[in-house]
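Here is how names work: the chains are called A, B, and so on, in the same order as the sequence lines, proteins then strands, and each is numbered from 1.
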Amino acid sequence: MERYNFKKVEEKWQAHWAKHKTFLTKIDKNKKKFYCLEMFPYPSGKIHMGHVRNYTIGDVLSRYKTLKGFNVLHPMGWDAFGMPAENAARDNNLDPKEWTNKNIETMKNQLKKLGLSIDWSREISTCSEEYYKHQQKFFLELLEKKLVYRKENYVNWDPVDETVLANEQVIDGKGWRSGATVERKKLNQWFFNISKFSQDLIDGLDGLENWPNKVKTMQKNWIGKSFGCEIEFDVEGDLPVKKIKCFTTRPDTLFGFSFLALSIDHEVSKYFLDNKDFLKFKDECSKTGTTEEAIAVGEKIGFKTNLEALNPLNPKQKVPVYFANFVLMDYGFGAVFGCPAHDQRDYDFAKKYNLEIKTVVRPFDQDENFQVLQEAYPGPGILVNSDFLNGLEAPEKSVLETINILEERNLGKKKVNYRLKDWGVSRQRYWGCPIPIAYDESGKAHPIPKSMLPVKLPENIELKVKGNPLDSQKDWKEIIIDGKKMTRETDTLDTFVCSSWYYLRFCSPNENSYGFNREDIDYWMPVDQYIGGVEHAILHLLYSRFFMRAIDHENKNFNIKEPFQSLFTQGMVCHETYKDEKNNWLSPDEVEKINGKFVEKKNNNKFVKVGPSESMSKSKKNVIDPEFIIENYGADAVRLFILSDSPPEKDVQWSDQGMVSSYKFIQKLWILHGEIKNKISDKYNEDDKKIEKFVNQMIAKITYNLERFNYNVIIANMYEVYNYLINYIKSERNLKNLKKNYIQILLCFSPVIPHFTSECLEDIGYNEELSWPKFDKLLLKDERVNIVVQINGKKRSILNIKKGIEQADLLEESKKDQNIFKYLDKKKINKVIFIKDKLINILLND
RNA sequence: GCCCUCGUGGUGAAAUUGGUAGACACAAAGGACUUAAAAUCCUUGCCCUUUUGGGAGUGCCAGUUCGAGUCUGGCCGAGGGCACCA
């Protein structure tokens, strides 16, 4: 028998699928739809193992759903705007567009080699004018709905990438791409009013039953709802400031009030701008604010004003007003009422400046004399030293009660606050979607008139300039609208804008007049299964959820709000890391294992330091190139391996041995195929039922596991099938039902190793339309079952016995068992636990 | 500090949801074939008994139950998210 030539076979079937347009989306109104989407890639150059895993998972699902009889939409596109293209182009004198399109070509070919069932006729690229022209319309639409606005604000400035970052893109005070420490800078920016939907975005999470709880929790925390009260404090002093507003979640601790702290950007600060000490203080704040140590240590510093705030519940009490470094301007009102006894941060501040620390809550297990000493007590308890609030249970009852009192006396009102801030979308970079805005001579912003859309990104421009290249494009920047001289907005949109609606575009990739066609999205949306990395838990997934709401807002009345019905977050692909003597990273192919030790291949077999297994990344050199693997082992083998070792939601270890064994498994399946082909005949044999039963069981198992994303178990099931069949075939029986059952097995395998199964099916002359095999529930039920016999809860024997046996008969049968008899001897049976066809537990008096 | 998730052989893991723990694979050891090696195939895999068998066993300690990897409480450990959010 000829060796299985994966190269020939895989090329053959890929060509076949392309020629017959097998994966072209078809709409048959008698069938249900299924929209399967994986997060589209950034065209960085080549695909990596993470893509292989992500898209294999999606492909198995799509192929399964297709066989199940769904109209499947399984598209692919490119998240093609973004900085790497611009940087690569600038550094190598290239055009970002050419660089990107070349990468797209390469990666598309690589994905095709994986044998993915993608409808390539729907391919989209976000950097194409065809795509971003619709985005510009959306922008203007949102502007009309007042969901887009422009304001001057402090922003996160990335000094390396020379652009602004959204809050979600700042990780530990550093830019998510460059890793540079983010600076504060005041700029005029465009914002999407995502915070308008704060409550709706929280509420929507409840309906997303098929989202990982982890992601939902992360989003909930990010939106950060808190319930409390807004209080207006009267202020006395020699400045024209009479009132200062605060937000607090603990108005019930007002009698512990000992200072009022303001953000350095609070409007009161305008009276201090000629105060040298204040400016010095402000300077200090912005310095400590950005260093990591400062954040970790969290040292609290303040600047005392000559103002005094009055306690609204006890106007005789006056407390000092400070500016403090820990008060954020964009949360609440940029002002905090300080209660040191019951808030650790306030406590630290009070200690530093010797402010009063007055205990107003005692824990339930302490008496009235309880005093906060070493640290704040933020826990529950009973209010004390609080005049008419004394005795209330904190925090539930006391907070509500205090808010009622404050509202009655017109001193404050109930308020819900959200941590979520509006999404800043301006980026000072060239390679992005132009913002369709122009400014008149007074600086007023005007939408670009419809007749002048789209705003095309100029080509062949000089990238080696400081700042945004678009800024120095005079001929592009200067424009005349209605006879008036104007200048274009030179910022481009954050690329996350592009990816927050691409799933809609896939429904209507060729609609020219608008971003999508209403009928198409009514049919296809929502995405039934979305698959991607958990790193987008907040960014992309929150933005997309916002976008659906924003585009629907006020007039469209979509029947769905949530773009992604189910979400699956797959784990990463990991590999050991290697370093040489000088701590330089080594790639796996520079290293080999000799006698159990890792050594450098080239460098005199020098000893290699083996580090922990980590997510594959270029910087650590622990990458395995998918193209190389596909070349050497074939797409089916890679698909098989990438699913085999770990559950898809967990990280998987790359293993060369594992990869080789997947390759060998396909070879072994081919040999098995040859033997089965030889034995397919029409002769009936009594033994027939056996294989039928087995295959039925396996179909049931594989179906069960497919429905639950237990893809690693499916691979184990495939090995089980092989192990069974190879022994079965050896028994030399010619079986009537072998062919039928074998075809069902091939169909079960086809989502995972489609090239191989297509070849085998063709080889045995099967040319009917493929569909998912059904299993016969009757056949699943054996007439004999293994029943566990326990004595006092311990397994003592297993009886293989006729199904449906009742307790009394089973007990009699059990007594006949030698081993059981031994235990029963002369002892009284106290009780019998009986689970039909599963177990009998005989309890003895000891 | 707060929130979430997870602890099963040498390793990655199964266990259809409270009923035979370790399916399937990797690695290892022994054996067969071979002049030899590779490849392939078979066997083994905690403790005690020669086998039939018996004992221990799913991070640790308790509890519920006839029965717990699975449920409850406490502890220990690992990973992830948020972090001056008032």
Side-chain angles (χ1 to χ4, degrees), chain A residues 171-172 212-222 224-226 228-229 231 246-251 253 261 263 289 294-300 324-328 330-339 343-346 348-349 375 378 417-421 534-535 537-538 596 613 641 644-647 649-653 655-662 664-665 668 700-701 703-705 707-708 710 712-723 786-798 818-819 822 830-835 838-844:
Chain A
I171 295 149
D172 291 336
N213 284 328
K214 189 174 143 185
V215 175
K216 286 193 276 189
T217 312
M218 280 165 73
Q219 291 212 354
K220 217 175 243 174
N221 290 343
W222 187 262
K225 180 181 183 175
S226 39
C229 174
I231 302 174
C246 281
F247 170 76
T248 177
T249 55
R250 293 299 300 272
T253 60
S263 159
I295 292 167
V297 174
E299 206 206 336
K300 282 143 198 75
N325 64 338
F326 59 84
V327 185
L328 306 169
D330 45 10
Y331 186 82
F333 300 97
V336 168
F337 116 75
C339 174
D343 181 290
Q344 192 56 40
R345 181 203 54 211
D346 294 348
D348 294 343
F349 190 78
E375 55 176 10
N417 223 343
Y418 301 91
R419 208 185 68 124
L420 183 66
K421 285 158 207 142
V534 73
E535 66 273 17
I538 296 171
S613 185
F641 172 71
S644 68
D645 268 10
S646 296
E649 69 274 15
K650 282 177 70 175
D651 287 355
V652 66
Q653 292 289 324
S655 143
D656 289 331
Q657 286 99 333
M659 185 59 241
V660 170
S661 89
S662 295
K664 285 182 184 165
F665 181 56
K668 290 199 283 187
K701 271 193 194 178
T703 307
Y704 176 90
N705 288 321
E707 293 286 348
R708 263 151 261 251
N710 299 336
N712 56 323
V713 188
I714 288 174
I715 310 304
N717 294 150
M718 289 168 71
Y719 276 97
E720 267 182 80
V721 168
Y722 171 81
N723 292 342
N786 287 334
I787 299 183
V788 177
V789 185
Q790 297 184 335
I791 303 288
N792 290 337
K794 287 203 169 177
K795 184 183 86 178
R796 294 302 176 193
S797 188
I798 293 171
Q818 231 183 355
N819 206 39
K822 197 168 83 187
N830 203 18
K831 195 178 171 188
V832 174
I833 309 284
F834 174 72
I835 311 286
K838 269 200 168 159
L839 173 136
I840 182 165
N841 187 5
I842 304 165
L843 302 173
L844 301 176

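In this structure, the ring of A:F349 has its center less than 6.0 angstrom from the ring center of A:F326.
A 3.5 Å limit on both hydrogen-bonding distances identifies no Watson-Crick or G-U partner for B:U70. In this structure, B:G7 and B:C76 make a Watson-Crick or G-U wobble pair, each of the two defining distances being under 3.5 angstrom. Base-pair partner of B:C2: B:G81 (Watson-Crick or G-U wobble, both distances under 3.5 Å).
B:G10 and B:U44 have their C1' atoms separated by 15 Å, with the value rounded to a whole Å.
With sequence neighbours excluded, no residue forms a side-chain hydrogen bond (donor to acceptor under 3.5 Å, both in side chains) with A:D330. For A:R250, the salt bridge (Lys or Arg N to Asp or Glu O under 4.0 Å) criterion is met by A:D252, not counting sequence neighbours. Here A:R345 pairs with A:D343 under the salt bridge (Lys or Arg N to Asp or Glu O under 4.0 Å) rule; sequence neighbours left out. With sequence neighbours excluded, the residues forming a side-chain hydrogen bond (donor to acceptor under 3.5 Å, both in side chains) with A:Q344 are A:D348, listed by chain and number. Not counting sequence neighbours, the partners of A:T217 by the side-chain contact (heavy atoms from CB on, under 4.5 Å) test are A:N221. Residues forming a side-chain contact (heavy atoms from CB on, under 4.5 Å) with A:K668 (at least two apart in sequence, or on another chain): A:Y722. By the side-chain contact (heavy atoms from CB on, under 4.5 Å) test, A:S661 pairs with A:Y719, sequence neighbours left out. With sequence neighbours excluded, the residues that form a side-chain contact (heavy atoms from CB on, under 4.5 Å) with A:E649 are A:F568, A:P647.
Looking at A:Q219, its side chain does come within 3.5 Å of a backbone N or O of A:A537 through a donor-acceptor pair. Checked by atom type and distance alone, the side chain of A:N841 never pairs as donor or acceptor with a backbone atom of A:I833 at under 3.5 Å.
For B:C82, neither phosphate oxygen OP1 nor OP2 lies less than 4.0 angstrom from any side-chain nitrogen or oxygen of A:R419. Close to B:C3, at under 4.0 Å from its OP1 or OP2, lies no side-chain N or O of A:T217. Distances shown here put a side-chain N or O of A:N723 below 4.0 Å from the OP1 or OP2 atom of B:A25. Proximity of A:Y719 to the phosphate of B:A25: no side-chain N or O atom is located under 4.0 Å from OP1 or OP2.
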(message) Each nucleotide in nucleotides 62-71 of chain B should get exactly one letter: B, S or -. Can you fill that in based on protein heavy atoms under 4.0 Å?
(response) ----B-----
Produce the list of close N/O pairs, under 3.5 Å, pairing protein atoms with atoms of nucleotides 40-45 of chain B; give distances to one decimal.
from  : atom 1 : to     : atom 2 : distance (Å)
B:U40 : OP1    : A:K664 : NZ     : 3.0

N/O contacts under 3.5 Å, protein versus nucleotides 49-56 of chain B?
from  : atom 1 : to     : atom 2 : distance (Å)
B:G54 : OP1    : A:N819 : ND2    : 3.1
B:G54 : OP1    : A:Y823 : OH     : 2.8
B:G55 : OP1    : A:R796 : NH2    : 3.0
B:G55 : OP2    : A:R796 : NH1    : 2.7
B:A56 : OP2    : A:K794 : NZ     : 3.1

Atom pairs under 3.5 Å, N or O on each side, protein against nucleotides 6-12 of chain B: can you list them with distances?
from  : atom 1 : to     : atom 2 : distance (Å)
B:G12 : O2'    : A:D645 : O      : 2.8
B:G12 : O2'    : A:S646 : OG     : 3.0

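Between the CG atom of A:N705 and the P atom of B:A23 there is a distance of 16 Å, given to the nearest Å. For the pair A:I791 CD1 and B:G19 C1', the computed distance is 15 Å after rounding to whole Å.
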(message) Run A:Q790 and A:L839 through side chain to side chain contact (heavy atoms under 4.5 Å, CB included) and show every step you take.
(response) CA-CA 8 Å; A:Q790 297 184 335; A:L839 173 136; 3.7 Å; yes
(request) Please report the C-alpha distance between A:C246 and A:F333 in whole Å, then the side-chain angles of each, then the deciding distance to 0.1 Å, and finally whether the side chain to side chain contact (heavy atoms under 4.5 Å, CB included) criterion is met. (result) CA-CA 6 Å; A:C246 281; A:F333 300 97; 5.5 Å; no
(message) Could you walk me through whether A:K795 and A:V788 satisfy the side chain to side chain contact (heavy atoms under 4.5 Å, CB included) test, starting with their C-alpha distance in whole Å, then the side-chain angles of each, then the deciding distance to 0.1 Å, before giving a yes or no?
(response) CA-CA 7 Å; A:K795 184 183 86 178; A:V788 177; 3.8 Å; yes
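If you check distances only, the side chain of A:R250 never reaches the base of B:A86 with a donor-acceptor pair under 3.5 Å.
Contact annotation for A:D343: no contact, since no heavy-atom pair falls under 4.0 Å across all strands.
For B:G59, the O4'-C1' to base torsion is more than 90° from 0; the nucleotide is therefore anti. Applying the 90° criterion around 0 to the glycosidic angle, B:U11 comes out anti.
In this structure, A:S226 and A:E649 both approach RNA chain B, and ranking their closest nucleotides by distance from the 5' end singles out A:E649. Of the two residues contacting RNA chain B, namely A:G224 and A:I715, the nearest-nucleotide position lying further toward the 5' end is that of A:I715.
In summary, the side chains of A:N705 and A:N717 do present a donor paired with an acceptor at a separation below 3.5 Å, with no hydrogens or angles considered.
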